[in-house]
Structures are given as structure tokens and as C-alpha cells.
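Predicted, not measured: the structure shown is a model, and the values here were computed from it.
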Amino acid sequence: MKITYNEKEKSIEIKDGLKTQFLLLKISLGFVLANSVLFPVFVLDKKQFEWMGFIWILLGLVIIVLITYQLVKKTASEKLKLSDISSLNEKQFFGRKMLRLKLKNGKTRDLIDVKSQKDISEIKAFFNTIGIQTR
């Protein structure tokens with residue numbers, strides 16, 4: 001991951017490939033959603049495997065919730081203005097520490113390539129020097 005600060009524009013640029021991951025995730029979720037809509041339509045029409053159709057409908061509802069969460073709460077922007085960033089948060093998820101930028105519009109931007117405690121402390125120090133609050 002490479003984070004650069006553009007002092008002229010008062011913005012940061014994050015190069016970590018998250019935009020590509022989000023695109024692939026949305027495409028995959030779209031295929032599963034299409035399958036969860038088409039499978040019950042064709043199979044339930046023939047009155048076969050009715051319980052399997054309900055499983056696909058349930059899966060489709062879960063996928064709709066996941067896609068909505070991705071669109072409403074997450075961002076993969078590579079260029080963020082400092083005025084849009086609220087804070088840098090450190091979270092622990094399954095024993096692994098993760099860094100996340102909280103934006104003023106309510107969305108979050110995950111920093112995914114943080115591997116070690118050294119990287120975490122370097123990133124925290126970087127954000128402190130440019131004036132972003134860390135938690």
C-alpha cells in the first residue's frame with residue numbers, strides 16, 4: 001500500500017487495489033443475485049425442489065443487504081480530500097488489527113494492506129502529521 005499526500009490539493013492518494021476488489025465483489029454479488037432470482041423462477045415453475053428455491057430466495061435477500069451495505073457504508077476511492085476525512089480508526093477483527101478511515105459522509109475506507117504493528121504505527125504517525133485524528 002502506498003499513501004501519498006498532495007499538499008497543493010490537501011488530499012491523500014491511496015494505492016492498494018481496493019477499487020478492483022470492490023468491482024470484482026460487486027460483479028460476483030450480481031451473478032449470485034441473478035442466479036437467486038432465476039433459479040426459483042425456473043425450478044419452482046416445474047414444482048421440483050421447492051425447498052431449494054426458498055434457499056435461493058433467502059440467499060438473494062442476503063445478497064441485496066450486502067450490496068446495499070457496500071453502496072451505502074463503504075467506499076473504495078483512491079483520492080480523498082482531508083476535509084472529507086473525519087478520523088483514522090483502528091479496529092480488531094478476528095484477532096487482526098485493521099485501519100479504517102471514517103469519512104464525514106458516514107462512509108468508511110478500509111486500508112487493507114496493513115500487515116504489521118510497524119505499518120500501523122507508521123500510518124498513524126503519517127496521519128497525525130497531516131492533521132487527521134487517530135483513534
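Residues Ile14 and Glu78 have side chains not in contact (no heavy-atom distance under 4.5 Å, counting atoms from C-beta outward). Using a 4.5 Å heavy-atom threshold, the side chains of Leu29 and Leu33 count as separate. Residues Val114 and Lys97 fail the side-chain proximity criterion, which asks for heavy atoms closer than 4.5 Å. With a 4.5 Å cut-off on side-chain heavy atoms, Ile130 and Phe126 count as touching. Contact annotation: the side chain of Asp84 never approaches that of Lys104 to less than 4.5 Å [non-hydrogen atoms, C-beta and beyond]. Leu24 places none of its side-chain heavy atoms less than 4.5 Å from the side chain of Gln21. Looking only at side-chain heavy atoms (C-beta outward), Ile85 and Ile12 come within less than 4.5 Å of each other. Looking only at side-chain heavy atoms (C-beta outward), Leu71 and Lys26 come within less than 4.5 Å of each other.
Leu66 and Leu23 are assigned to two separate hydrophobic clusters, defined by single-linkage of ILVMFWY side chains at heavy-atom distances under 4.5 Å. Residues Ile120 and Tyr5 share a hydrophobic cluster, clusters being chains of Ile/Leu/Val/Met/Phe/Trp/Tyr side chains in contact below 4.5 Å. If you chain together hydrophobic residues whose side chains sit under 4.5 Å apart, Val37 and Ile63 never meet in one group. Taken together through direct or relayed side-chain contacts under 4.5 Å among Ile, Leu, Val, Met, Phe, Trp and Tyr, Leu25 and Leu18 form parts of separate hydrophobic clusters. Residues Leu58 and Ile55 are members of separate hydrophobic clusters, defined by side-chain heavy-atom contacts under 4.5 angstrom among Ile, Leu, Val, Met, Phe, Trp and Tyr.
For the pair Asp110 and Arg100, the salt-bridge criterion is met [side-chain N within less than 4.0 Å of a carboxylate O]. Under a 4.0 Å N-O distance rule, the pair Lys15/Glu13 qualifies as a salt bridge.
Residue Gln133 holds its CD atom at 10.0 Å from NZ of Lys102, rounded to the nearest 0.5 Å. In this structure, CD1 in Ile123 is found 13.5 Å from CD1 in Ile132, a value given to the nearest 0.5 Å. If you take CG on Leu82 and CD on Glu9, they are separated by 11.0 Å, rounding to the nearest 0.5 Å. With rounding to the nearest 0.5 angstrom, the CG atom of Leu103 is 10.5 Å from the OG atom of Ser83. Atoms CE and OG1, from Met98 and Thr108 in turn, are 8.5 Å apart once rounded to the nearest 0.5 Å. Between Glu90 atom CD and Thr134 atom OG1 the span is 9.0 Å, to the nearest 0.5 Å.
Among all heavy-atom pairs drawn from Gly60 and Ser36, the shortest one is CA-OG, 3.2 Å. In this structure, Leu111 and Asp16 approach most closely via the heavy-atom pair CA-OD2, 4.4 Å. For the residue pair Leu88 and Phe127, the shortest heavy atom distance occurs at CD2-CD1, 3.7 Å. Annotation for Lys19 and Ala76: closest pair CA-CB, 3.8 Å, computed over non-hydrogen atoms. Across all non-hydrogen atoms, the minimal contact from Ile112 to Arg96 is O-NH2, 3.7 Å.
In this structure, Trp56 and Phe39 have tilted ring planes: the angle between them lies in the 30° to 60° band.
At least one donor-acceptor pair closer than 3.5 Å links the side chain of Arg109 to the backbone N or O of Ser77. At least one donor-acceptor pair under 3.5 Å links the side chain of Asn105 to the backbone N or O of Lys107.
Few gaps surround CD on Gln92; more than 12 heavy atoms of other groups in view lie less than 6.0 Å from it. In Phe31, the CZ atom is not crowded: 12 or fewer heavy atoms of neighbouring residues, nucleotides or ligands sit closer than 6.0 Å.
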